[in-house]
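One is the number of the first residue; the rest follow in order along the sequence. Reckoned from all heavy atoms, side chains included, excluding hydrogens, waters and symmetry mates. Counting convention: from 1, in listed order, for ligands and their atoms alike.
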Amino acid sequence: MTRLWNDPASFADDMVEGFVRANGRWVRRVSGGVSRSTRSPEPEVAVVIGGGSGHYPAFGGLVGPGLAHGAAMGNLFASPSAHQVESVIRSSEQGRGVLLSFGNYAGDVLHFGAAQEALRQDGVDCRTVVVTDDIFSAPQSQKARRRGIAGDLTVFKAAGAAAAAGSGIDDVERAAVLANARTRSMGVAFTGCTLPGAEEPLFTVPEGKMAVGLGIHGEPGIDITDIPSADGLAELFVDRLLDAAEVPEGATIKGGRVVPILNGLGSVKNEELYVVYARIADLLTEAGLTLVDPRVGEFCTSFDMAGVSLTLLWLDEELERLWLAPADTPAFAAGSVDSSALEAVTMDGGYGGDGEWGEEAELPASSEESRKAAGVISQALAVMRDAIDAQAAELGRIDAIAGDGDHGIGMQRGTVAAAEAAMALGGQGAGAESLLTRCGDAWSDRAGGTSGALWGLILKTVGSHLGDTSPATAATLAAGISAAKTAVMDYGKAKVGDKTMVDALVPFADTLAARVTAGESLAEAWRKAASAAATAAEATADLMPGMGRARSHGAKSLGTPDPGAVSLALIAERIHTVIAASVTPIPSI
Ligand code: ADP
Ligand code: MG
């Protein structure tokens with residue numbers, strides 16, 4: 001239960017504000033998150049981390065000398081948008097390259113990936129190491145598909161320590177890759193969590209039971225058992241993490257050295273953690289391991305979820321040096337950082353500044369026809385917002401079955417932001433492309449998550465086909481939607497049959513293009529395309545997921561359609577009413 005908030009919608013923002021006010025010694029607020037408030041005399045490779053909010057101290061609490069240089073902080077449980085990540089990178093980078101690191105979640109991968117692309121185009125050497133420590137989210141043979149949980153910390157720490165030692169980007173990247181390869185975690189949960197203002201928990205664990213392997217956003221666990229004693233839990237953790245298959249290559253149990261990190265997920269007391277830790281320490285030692293600098297506390301939480309995870313970082317000589325190197329952040333400290341040489345970062349330019357980046361440029365010139373099309377698009381965006389608003393709870397419900405339950409909230413935030421952006425542009429003379437570009441950015445900025453990134457891309461791609469001066473025809477619209485289909489598949493790498501929004505988008509785009517080419521009116525072609533999307537969305541109920549968060553819980557989603565496909569079909573159907581009723585119909589071909 002979260003008890004204190006002002007407006008649930010601004011909770012994440014309000015939290016960042018207070019966090020920065022309380023921790024100015026380490027961080028300053030920048031657009032999209034936080035960046036260090038000090039810098040070393042010599043420039044360093046910048047380590048930029050991030051993810052959704054609700055996991056404190058991940059991610060803002062880990063920014064400071066010896067650890068991260070900046071953290072992109074998204075909305076509650078939603079990845080930061082590409083814009084936010086890009087802004088934090090620009091405020092943190094110091095001319096020596098940038099290492100991005102975050103937990104392996106589809107939305108974060110998409111948004112950080114887009115930001116990396118933008119930075120690379122500007123000649124900044126930007127690399128990414130995705131954290132994949134959670135042993136229950138995919139088999140060891142598919143380690144790259146595992147999600148990231150409290151093991152984030154070891155990877156961020158190794159990278160931050162390498163950067164602080166003056167290493168170049170190649171070595172910082174290598175240190176992070178090595179730490180990730182040698183980090184394993186597993187978690188259990190006793191209760192779900194309730195986001196601010198929500199009436200129901202995002203997910204639940206049956207009373208008196210323990211969910212083994214439950215994800216930090218409530219992605220369903222692998223097993224439900226009775227709650228063991230503290231010693232019993234210690235035994236479960238150690239048993240699983242010392243399983244031969246989970247001992248990293250090059251590491252050994254007998255004579256090996258590990259950093260144990262026992263993490264509380266939000267509402268388990270430190271006292272309880274210490275009781276569990278006492279037995280963990282015995283078991284690891286009895287197995288022949290030497291324990292180095294153990295950590296017990298909160299490192300990656302999940303709002304008020306009651307749960308515990310154990311992470312093991314299997315040391316080699318290099319990782320031990322990196323782990324023990326001094327660090328000083330709001331939530332994590334190691335050794336003692338010599339702060340005498342640190343300089344305060346000022347806001348005026350250079351890598352310290354928040355800069356001009358992100359300010360809106362003037363609208364390009366537009367034709368009257370394009371402005372009319374923009375008017376119809378604004379109506380469509382308002383209709384989308386209302387349609388999603390009415391179905392948000394249902395979309396959340398079906399996302400919770402195999403995903404993390406936020407699809408309704410995310411789509412709501414995205415459509416509200418897009419409709420608002422369209423309204424704000426009203427009367428300013430925006431053509432179709434400018435309108436869709438601004439609305440697409442607003443959508444992905446506010447919604448975060450996988451679907452936010454993909455819908456932002458859809459709007460912008462359609463916009464670039466419509467242009468600001470050429471007439472918007474049925475043919476250009478159909479071509480724009482086909483291009484959006486290709487862009488979504490290139491970007492998210494999902495194919496038809498993977499149980500994602502692609503399953504609805506492909507028949508929608510293909511039917512629309514075929515019907516328009518056959519000479520049907522836009523309204524008629526759209527009606528048939530929307531109906532094809534609806535049929536395909538329903539049919540996703542019979543599919544096993546191949547992409548996205550739901551992938552690790554395949555069988556659980558059988559019988560339930562994919563939320564992203566359902567919302568896309570719903571939007572397509574509702575937009576038909578706008579097209580059919582449009583007083584300024586988009587001319588056919
Ligand atoms: P998140 O998965 O980040 O929580 P949402 O819950 O808003 O984001 O959206 C989930 C939807 O996103 C899924 O139902 C699916 O349709 C879509 N999705 C997930 N991954 C992909 C992908 N790689 N390509 C296309 N669509 C995807
Ligand atoms: Mg989701």
> Any idea which of Leu454, Asp406, Asp108 brings a heavy atom closest to atom 25 (C) of ligand 1?
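Considering heavy atoms of Leu454, Asp406, Asp108, the nearest to atom 25 (C) of ligand 1 sits in Leu454.
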> For ligand 1, note which part of Asp498 has a heavy atom under 4.0 Å away: side chain, backbone, both or neither.
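Contact part for Asp498 vs ligand 1: neither.
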> In ligand 1, which numbered atoms sit nearer than 4.0 Å to a non-hydrogen atom of Asp562?
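Within the 4.0 Å cut-off of Asp562, ligand 1 contributes 13 (C), 14 (O), 15 (C), 16 (O).
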> Is the shortest distance from a Lys or Arg side-chain nitrogen in Glu86 or Arg120 to a carboxylate oxygen in the other one below 4.0 Å?
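Salt bridge flag = no for Arg120 with Glu86.
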> Looking at Asp122 and Arg90, does any basic side-chain N land under 4.0 Å from a carboxylate oxygen?
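Salt bridge present between Asp122 and Arg90.
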> Against ligand 1, does Gly492 come closer than 4.0 Å with any heavy atom?
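So Gly492 counts as touching ligand 1.
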> Who's closest to atom 11 (C) of ligand 1 heavy-atom-wise, of Pro545, Ala565, Gly564?
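Of the listed residues, Gly564 has the closest heavy atom.
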> Could you tell me whether Asp510 and Lys485 have a side-chain N and a carboxylate O separated by less than 4.0 Å?
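Looking at Asp510 and Lys485, the cut-off is met.
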> Can you tell me the N, O or S atom of Asp406 that's nearest the Mg ion (ligand 2)?
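The atom in question is OD1.
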> Please say whether Lys499 places an N or O atom under 3.5 Å from an N or O atom belonging to ligand 1.
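No, there is no polar N/O contact under 3.5 Å.
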> Using a 4.0 Å cut-off to any heavy atom of Ser451, which atoms of ligand 1 qualify?
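Atoms satisfying the 4.0 Å criterion: 5 (P), 7 (O), 8 (O), 9 (O).
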> Return a yes/no value for Asp399: is any of its N or O atoms, backbone included, closer than 3.5 angstrom to an N or O of ligand 1?
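Yes; the residue has a nitrogen or oxygen that sits under 3.5 Å from a nitrogen or oxygen of the ligand.
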> Pick one of side chain, backbone, both or neither for how Asp404 approaches ligand 1, counting any non-hydrogen atom pair under 4.0 Å.
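Asp404 to ligand 1: side-chain contact only, backbone stays beyond 4.0 Å.
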> Say whether Ser35 and Ser92, considering side chains only, have a donor N or O and an acceptor N or O under 3.5 Å apart.
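Result is yes, a qualifying pair exists.
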> Give the contacting part of Thr450 toward ligand 1: side chain, backbone, both or neither, where contact means a heavy-atom distance below 4.0 Å.
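Contact part for Thr450 vs ligand 1: both backbone and side chain.
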> According to the interplanar angle, ranging from 0 to 90°, do the rings of Tyr105 and His217 count as parallel (below 30°), tilted (30 to 60°) or perpendicular (above 60°)?
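Tyr105 vs His217 ring planes: perpendicular.
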> Side chain to side chain contact (heavy atoms under 4.5 Å, CB included), that's the test. Do Leu505 and Val488 meet it? Break it down for me.
CA-CA 9 Å; Leu505 180 56; Val488 164; 3.9 Å; yes
> Which angle, to 10 degrees, forms at the Mg ion (ligand 2) with OD2 of Asp399 on one side and OD1 of Asp404 on the other?
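Taking the Mg ion (ligand 2) as the apex, I get 80° for this pair.
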> Looking at Asp498 and Lys493, does any basic side-chain N land under 4.0 Å from a carboxylate oxygen?
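Result for this pair is no, no salt bridge flagged.
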> Are any of the heavy atoms in Gly403 under 4.0 Å away from ligand 1?
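No; Gly403 lies far enough from ligand 1 that no heavy-atom distance drops under 4.0 Å.
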> Could you walk me through whether Val212 and Ile222 pass side chain to side chain contact (heavy atoms under 4.5 Å, CB included), step by step?
CA-CA 6 Å; Val212 180; Ile222 305 300; 5.6 Å; no
> Find all atoms of ligand 1 within a distance of less than 4.0 Å from any non-hydrogen atom belonging to Gly449, and give their numbers and elements.
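Within the 4.0 Å cut-off of Gly449, ligand 1 contributes 3 (O).
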> Which class fits the ring pair His55 and Phe77: parallel under 30°, tilted 30 to 60°, perpendicular over 60°?
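Taking Phe77 first and then His55, their aromatic rings lie parallel (interplane angle under 30°).
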> Short list, please: which atoms of ligand 1 are under 4.0 Å from a heavy atom of Met501?
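The atoms of ligand 1 under 4.0 Å from a heavy atom of Met501 are 15 (C), 16 (O), 26 (N).
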> I'd like to know if Asp13 pairs up with Arg29 as an ion pair, taking the criterion as any Lys NZ or Arg NE/NH1/NH2 lying under 4.0 Å from an Asp or Glu carboxylate oxygen.
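So Asp13 pairs with Arg29 through a salt bridge.
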